[in-house]
Amino acid sequence: MRNVLVVISGPSGVGKGTLARMLLAEDDGLAGSVSCTTRAPRPGEANGREYFFISEHEFRDRIAANDFLEYDEHFGNFYGTPRSFVERQLKRKSVLLEIDVVGGLNAKRLMPACTVLIMVTPPSMQELERRLAGRGSEGEEALHERMRRVRYELDQAPLYDYVVVNDDLQRAKREIQDIIRKEKEKKI
Ligand code: ADP
Ligand code: 5GP
């Protein structure tokens, strides 16, 4: 069995975070990576758990030091995957990244053999809007900005290895677990 870098992408509100938490809780062989971001923490988020919340100044210093495997800017904030953590973990486990499509495609370019790209899509646009609004983490303006980006994210689906519809949470989780199992068993 080999270790793989599993990337979960998809539009904001589709359920990536919820699925990632379930996958990590059920699989000791899977390590979650905590990204760095310059955005402010949302209520309930803790430094080092959802993200490492750092200043833009520190983020730029770390870009210069080549500390990020990949990074990207969304909604005026930077987000990046810590390189050393991922490289260290991959020696003993598979690693799960919950990042956007640009980041996912960059990861695949950097580590083509071991990266598995999974796009999570909503059963419908109405349902996506309902989930995003229901989460209640964004103001009206930020919510609209996120909805505008949805089309872009979904249009990249053909570049991904797998597309999983998050209709029923348990079903979607099992589908992703099957994909990971199959990919780990592949002989490259
Ligand atoms: P993301 O990380 O993709 O932005 P979240 O995991 O925060 O999305 O999920 C957004 C909201 O949708 C949350 O309130 C979550 O509980 C809900 N949700 C996630 N998956 C489902 C599902 N399959 N059915 C119904 N609600 C869901
Ligand atoms: P949010 O602000 O909702 O937590 O995340 C906004 C977007 O940033 C999401 O699409 C999320 O997947 C993406 N994201 C989170 N961490 C990273 C990262 O390390 N790299 C990249 N490229 N995107 C990230």
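Remember, it's 1-based here, ligands and their atoms both numbered in the order they're listed. In what follows, residues are counted from 1 in the order of the sequence shown.
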Student: Touching ligand 1 at all, S12? Heavy atoms, strictly under 4.0 Å?
Tutor: yes

Student: Just to check, does P11 reach to within less than 4.0 Å of ligand 1 when the distance is taken from its heavy atoms?
Tutor: yes

Student: Could you tell me whether R181 and E185 make a salt bridge, using a distance below 4.0 angstrom between a side-chain N and a carboxylate O?
Tutor: no

Student: Judged by non-hydrogen atoms, does R42 sit under 4.0 Å from ligand 2?
Tutor: yes

Student: Using heavy atoms and a 4.0 Å limit, tell me yes or no: is T81 in contact with ligand 2?
Tutor: yes

Student: Does at least one non-hydrogen atom of L19 fall below 4.0 angstrom from an atom of ligand 1?
Tutor: no

Student: Heavy atom of F68 under 4.0 Å from ligand 2?
Tutor: no

Student: Does G13 have a heavy atom less than 4.0 Å from any atom of ligand 1?
Tutor: yes

Student: Within a strict 4.5 Å, meaning less than it, do heavy atoms of the Y152 and V102 side chains meet?
Tutor: yes

Student: Tell me the protein heavy atom at minimum distance from atom 8 (O) of ligand 1, and give that distance in Å.
Tutor: G15 N, 3.1 Å

Student: Atom 13 (C) of ligand 2: protein heavy atom closer than 4.0 Å?
Tutor: yes

Student: Is R148 salt-bridged to E145, going by a charged N under 4.0 Å from an acidic O?
Tutor: no

Student: If you measure from atom 17 (C) of ligand 1 to every heavy atom of E98, R131, E50, which option wins on shortest distance?
Tutor: R131

Student: Please could you name the atoms of ligand 2 that E98 approaches to less than 4.0 Å, counting only its heavy atoms?
Tutor: 12 (O), 15 (C), 16 (N)

Student: Applying a 4.0 Å heavy-atom criterion (strictly less than), which segment of E70 is in contact with ligand 2: side chain, backbone, both, or neither?
Tutor: side chain

Student: Any idea which atoms of ligand 2 are less than 4.0 Å away from a heavy-atom of D72?
Tutor: 22 (N)

Student: By number and element, which atoms of ligand 2 are closer than 4.0 Å to a non-hydrogen atom of R39?
Tutor: 1 (P), 2 (O), 4 (O)

